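Keep in mind the model is a prediction, meaning the values are calculated, not measured. Convention: sequence-line order gives letters A, B, ...; per-chain numbering from 1.
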Protein chains: 2
Amino acid sequence: MSRNTKDKRTAAELPPELTQARRFGKTRTAQSRALLEDYVELISDLLATGGEARPTDVARRLGVSHATAIKTITRLKREGLATGLPYRGVFLTETGHALAERMRTRHRLVVNLLVALGVPTEIAEADAEGIEHHVSDATLKAFSQFLQISASTRASRKS
Amino acid sequence: MSRNTKDKRTAAELPPELTQARRFGKTRTAQSRALLEDYVELISDLLATGGEARPTDVARRLGVSHATAIKTITRLKREGLATGLPYRGVFLTETGHALAERMRTRHRLVVNLLVALGVPTEIAEADAEGIEHHVSDATLKAFSQFLQISASTRASRKS
DNA sequence: ACCAAATTGTAGACAAGGCTACATTACAAG
DNA sequence: CTTGTAATGTAGCCTTGTCTACAATTTGGT
């Protein structure tokens, strides 16, 4: 059965399993980005609150060894998201900052949605950590609209 | 600053950054499970529809090479989720079946929620692929309750 | 029963992300 | 200005997950 490796249908009707394959592929690359996103978001946080981001702090907050943190930070630099001289702390590039900002927004939105749906804040915060990297822009927009609507509904009920 | 690696406070007030570390750790292990979950779910699907699950089909549906699929299936067997003799197709153990069932439920619920929130089905399906692995039971329950409520609301509006 | 083709399996390479152990640098206290 | 300690960086190892290339098995058609 299904010896149809080479069957060629027109592009319109073709993708029964290809769609699925593409989806999985996307999810896989998303996971590879997820870690970098977490690092960038955290570094941005440390920079904003403490004025500096030290590898050790990053490591402790992420729950990994400092060696791991440094290695990943090196990758961040290689990919143009971070900068910084040896022994001198980490900083974000323009791109890095933009990404951090995007992730922060995402995170907030996901948490807010979960909470609006009745998830306890603690759990919402934890789940969002995993979910936020897999939410498309379209879905994010839907979240935001839902939150607006439910907010105004609550407001009108109160008045 | 923060030279407090070994400081021991009471469990109640302690975890400012530890909480975050734990969350990241959880997310990391979740990602490691995610792939296995995808494989199990897919194998269960193939078994249900076609009666057999061949590594090649799994590979094609997942968009990876057959070698990768076989290696991962080996790991599935090692972890007690799948069985099967060489050259004889793959099957699921009790545990594997249970996991597949759980994932199927999860997936459906996540998709339904997204759709209910106004996300186009196509996109909901794709996003769910990434999200479903990071949704805790509590959050899942909240999803399900929301769906029930919004369903009954629609019903009463209609009557 | 045989053979060609497809499927399945194996080997070896690579990158990512983790770790521990060791080396180097910075810095503050004396 | 020395020096001890914390932070930073480096080296080497492990596991996952991916690939390509090659070997082995099964199977359907003759």
Taken to the nearest whole Å, CD1/Ile73(B) to C1'/dT18(D) is 15 Å
The side-chain hydrogen bond (donor to acceptor under 3.5 Å, both in side chains) partners of Ser32(B) (sequence neighbours excluded) come to none
Give each protein N/O atom lying under 3.5 Å from an N/O atom of nucleotides 22-26 of chain C, with the pair distance.
from, atom 1, to, atom 2, distance (Å)
dT24(C), O2, Tyr87(A), OH, 3.3
dT25(C), O4', Tyr87(A), OH, 3.2

Tell me whether the OP1 or OP2 atom of dC19(C) has a side-chain N or O from Ser65(A) closer than 4.0 Å.
-> yes
In whole angstroms, the gap separating C1' of dA6(D) from CD of Glu52(A) amounts to 13 Å
Judged by nearest nucleotide, the residue sitting upstream toward the 5' end of DNA chain C, Lys71(B) or Ala69(A), is Lys71(B)
Sorted by chain and residue number, the side chain to side chain contact (heavy atoms under 4.5 Å, CB included) partners of Ala59(A) (sequence neighbours excluded) come out as Val64(A), His66(A), Ala69(A)
So the ring-ring contact (aromatic ring centres under 6.0 Å, His included) pairs with at least one residue in residues 119-155 of chain A (sequence neighbours excluded) are His134(A)-His134(B), Phe146(A)-Phe146(B)
| request: Return yes if some donor-acceptor pair links the side-chain N/O of Thr153(B) with the main-chain N/O of Ile149(B) below 3.5 Å, else return no. | output: yes
Rounded to whole Å, CD of Gln31(A) lies from C1' of dA15(C) at a distance of 16 Å
Salt bridge (Lys or Arg N to Asp or Glu O under 4.0 Å) pairs touching residues 92-101 of chain B, sequence neighbours excluded, are Glu101(B)-Arg104(B)
Closest to the side chain of Ile70(A), out of dT20(C), dA11(C), dT8(D), is dT8(D)
Hits for side-chain hydrogen bond (donor to acceptor under 3.5 Å, both in side chains) against Glu41(A), two or more places apart or cross-chain, chain-then-number order -> none
Pro55(A) has its side chain closest, among dT20(D), dT8(C), dT8(D), to dT8(D)
Residues passing the side-chain hydrogen bond (donor to acceptor under 3.5 Å, both in side chains) test with Arg106(B), sequence neighbours excluded, are Asp137(B)
- Query: Any N or O donor-acceptor pair linking the side chain of Lys77(A) to the base of dG9(D) at under 3.5 Å?
  - Reply: no
Sorted by chain and residue number, the side chain to side chain contact (heavy atoms under 4.5 Å, CB included) partners of Leu47(A) (sequence neighbours excluded) come out as Ile43(A), Ala53(A), Phe91(A), Leu92(A)
Separation of dT16(D) atom P from Leu62(B) atom CG, nearest Å, is 18 Å
### Task
Return no unless some side-chain N or O of Thr56(A) is found under 4.0 Å from OP1 or OP2 of dA7(D).
no
* **Any Arg28(B) side-chain nitrogen or oxygen under 4.0 Å from OP1 or OP2 of dT15(D)** => no
Notebook entry, point to check: How is Thr74(A) classified with respect to the nucleic acid when contacts are heavy atoms under 4.0 Å: base, sugar-phosphate, or nothing?
Noted result: nothing
The correct set of residues in residues 33-47 of chain A placing a heavy atom under 4.0 Å from DNA chain D is none
Contacts of Gln145(B) meeting side-chain hydrogen bond (donor to acceptor under 3.5 Å, both in side chains) (sequence neighbours excluded), chain-then-number -> none
With a sphere of 6.0 Å drawn around NZ of Lys77(B), does it hold more than 12 non-hydrogen atoms of other residues, nucleotides or ligands?
yes
Quick note, Thr68(A) side chain, CB onward, closest among dG18(C), dT18(D), dA11(D) is dG18(C)
Between Glu79(B) and Val64(B), whichever has its closest DNA chain D nucleotide further toward 5' is Glu79(B)
In whole angstroms, the gap separating P of dA7(D) from CG of Asp57(A) amounts to 8 Å
Note: contacts of residues 125-134 of chain A with DNA chain C (heavy atom, under 4.0 Å) are none
Considering only distance and modelled atom types, tabulate donor-acceptor pairs under 3.5 Å from the side chains of residues 121-129 of chain A, sequence neighbours left out.
from, atom 1, to, atom 2, distance (Å)
Glu125(A), OE2, His107(A), NE2, 2.6
Asp127(A), OD1, Ser136(B), OG, 3.4
Asp127(A), OD2, Ser136(B), N, 2.9
Asp127(A), OD2, Ser136(B), OG, 2.7
Asp127(A), OD2, Thr139(B), OG1, 2.6

In terms of heavy-atom contacts, Ser44(B) and Ala100(B) come closest through CB-CB, 3.5 Å
